[in-house]
Amino acid sequence: MDDPNRGEGLHASDIYGSLYEHLEPNRFKRDGAPPDLKMAIGLAWEQYLEKVLILNGVLAARPGELRSPEGILYSPDLLIVNGEDRIGEIKATFMSAAGGVAHPKRDKWFTQVKLYCWWTEIPRARFYALYLCGDYRKNRDPILEVSNVDFTYKELRDNHKLCMNHARSEKLI
């Protein structure tokens with residue numbers, strides 16, 4: 001399924017997707033386009049949550065597609081401006097909720113959001129993670145986890161450097 005709102009050119013997802021394909025090839029090997037149904041679930045969840053947040057007084061909006069200083073396109077799910085600006089990242093996943101957002105299986109999420117934080121100069125993020133199958137143990141009902149994460153300048157700089165070095169080594173840029 002193609003995203004009609006996605007512009008032409010290199011996207012941040014091309015870079016961190018390629019990086020994780022190298023780091024964990026058994027987990028992240030790309031075999032063509034992503035499954036349409038999973039993508040549709042994720043997009044529906046993003047659109048629904050955005051409306052619910054706004055109706056509940058959260059000052060949040062989709063910024064649309066942005067361009068980094070390097071010319072790379074990226075699309076944060078939300079810019080949240082309630083008190084402290086944050087990058088909002090909305091996830092719907094079939095992964096287990098065990099371990100939460102901080103579990104190493106979610107490292108790719110952090111790589112993504114740290115790039116967005118670096119480029120927007122907003123060192124804080126909020127994850128809205130919907131675990132569709134709960135923890136696969138005691139609870140198979142969906143679980144919503146909302147987590148705020150603050151990054152240091154060094155964390156953001158090092159992540160950006162890692163991603164840009166990978167992009168250059170793969171001749172993406």
Side-chain angles (χ1 to χ4, degrees), residues 1 3 11-63 74-118 120 122-152 154-156 158-159 162-163 166:
M1 175 187 315
D3 183 348
H11 287 255
S13 60
D14 298 324
I15 295 171
Y16 62 77
S18 172
L19 174 64
Y20 276 86
E21 191 175 327
H22 280 280
L23 294 174
E24 299 181 58
N26 291 335
R27 241 184 106 201
F28 292 106
K29 181 153 178 53
R30 292 189 234 181
D31 292 324
D36 287 350
L37 183 55
K38 287 182 181 179
M39 183 176 265
I41 290 169
L43 290 172
W45 167 237
E46 288 176 12
Q47 292 169 3
Y48 171 78
L49 181 63
E50 179 187 10
K51 290 176 185 171
V52 168
L53 292 172
I54 291 167
L55 286 172
N56 284 282
V58 176
L59 298 175
R62 289 179 170 276
Y74 66 105
S75 305
D77 292 334
L78 295 172
L79 290 179
I80 304 167
V81 293
N82 279 45
E84 286 187 323
D85 294 350
R86 289 190 180 273
I87 297 297
E89 188 57 33
I90 304 169
K91 299 292 188 189
T93 182
F94 287 97
M95 287 190 281
S96 169
V101 169
H103 191 282
K105 283 194 171 184
R106 266 63 101 191
D107 284 352
K108 185 177 177 185
W109 296 0
F110 277 75
T111 299
Q112 173 188 7
V113 83
K114 283 191 277 188
L115 273 177
Y116 298 170
C117 287
W118 175 261
T120 60
I122 300 172
R124 294 168 297 280
R126 177 172 298 145
F127 288 95
Y128 296 93
L130 179 60
Y131 300 96
L132 295 165
C133 297
D135 63 12
Y136 283 95
R137 294 181 189 135
K138 298 175 199 165
N139 183 1
R140 289 187 176 251
D141 291 330
I143 295 172
L144 174 62
E145 178 186 10
V146 180
S147 298
N148 287 330
V149 181
D150 294 357
F151 300 108
T152 66
K154 182 180 183 326
E155 288 174 306
L156 297 178
D158 290 352
N159 181 74
L162 171 72
C163 290
H166 175 77

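Reckoned from all heavy atoms, side chains included, excluding hydrogens, waters and symmetry mates.
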Are any non-hydrogen side-chain atoms of [X] and [Y] less than 4.5 angstrom apart?
X: Val146; Y: Arg126; value: yes
X: Trp45; Y: Leu144; value: yes
X: Val101; Y: Tyr131; value: yes

Leu78 and Ile87: side-chain contact (heavy atoms from CB on, under 4.5 Å), yes or no, with the steps?
CA-CA 6 Å; Leu78 295 172; Ile87 297 297; over 6 Å; no
Would you give the length of the straight line joining atom [atom1] of [X] to atom [atom2] of [Y], rounded to the nearest 0.5 angstrom?
X: Asn26; Y: Glu21; atom1: CG; atom2: CD; result: 11.0 Å
X: Trp109; Y: Lys91; atom1: CH2; atom2: NZ; result: 6.5 Å
X: Tyr74; Y: Ile15; atom1: OH; atom2: CD1; result: 12.0 Å
X: Leu19; Y: Asp14; atom1: CG; atom2: CG; result: 12.5 Å
X: Ser18; Y: Leu23; atom1: OG; atom2: CG; result: 9.5 Å
X: Thr93; Y: Lys105; atom1: OG1; atom2: NZ; result: 10.0 Å

Who passes ring-ring contact (aromatic ring centres under 6.0 Å, His included) against Phe127, sequence neighbours left out?
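Counting only residues at least two positions away or on another chain, Phe127 forms a ring-ring contact (aromatic ring centres under 6.0 Å, His included) with Phe110.
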Count the heavy atoms of every other residue, nucleotide or ligand shown that sit under 6.0 Å from OH of Tyr136, and state whether that count exceeds 12.
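For Tyr136, atom OH is crowded (more than 12 foreign heavy atoms under 6.0 Å).
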Over 12 foreign heavy atoms within 6.0 Å of CZ, Arg137
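No, CZ of Arg137 has 12 or fewer neighbouring heavy atoms, counting only those of other groups under 6.0 Å.
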Donor-acceptor contact below 3.5 Å, side chain [X] vs main chain [Y]:
X: Asp77; Y: Ile90; answer: yes
X: Arg106; Y: Gly100; answer: yes
X: Asp135; Y: Ala98; answer: no

Using a strict cut-off of less than 4.0 Å between a Lys/Arg side-chain nitrogen and an Asp/Glu carboxylate oxygen, indicate whether Asp150 and Arg86 qualify as a salt bridge.
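Looking at Arg86 together with Asp150, the answer is yes, because their closest N to O distance falls below 4.0 Å.
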Are the charged groups of Glu46 and Arg62 less than 4.0 angstrom apart, N to O?
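Looking at Arg62 together with Glu46, the answer is yes, because their closest N to O distance falls below 4.0 Å.
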Check the pair Trp118, Asn159 against side-chain contact (heavy atoms from CB on, under 4.5 Å), reporting the backbone distance first and the verdict last.
CA-CA 9 Å; Trp118 175 261; Asn159 181 74; over 6 Å; no
Going through the checks in order, is the side-chain contact (heavy atoms from CB on, under 4.5 Å) test met by Lys38 and Phe94?
CA-CA 9 Å; Lys38 287 182 181 179; Phe94 287 97; 4.0 Å; yes
Minimum heavy-atom separation for [X] and [Y], please, with both atom names.
X: Ala92; Y: Gly42; value: CB-CA, 4.2 Å
X: Ile80; Y: Val58; value: CG2-CG1, 4.1 Å
X: Ala12; Y: Tyr116; value: CB-CE2, 4.1 Å
X: Ala125; Y: Val113; value: CB-CG2, 3.7 Å

What verdict does the side-chain contact (heavy atoms from CB on, under 4.5 Å) test give for Leu79 and Asp85, after you've listed the backbone C-alpha separation in whole Å, the side-chain angles of each residue and the deciding distance to 0.1 Å?
CA-CA 7 Å; Leu79 290 179; Asp85 294 350; over 6 Å; no
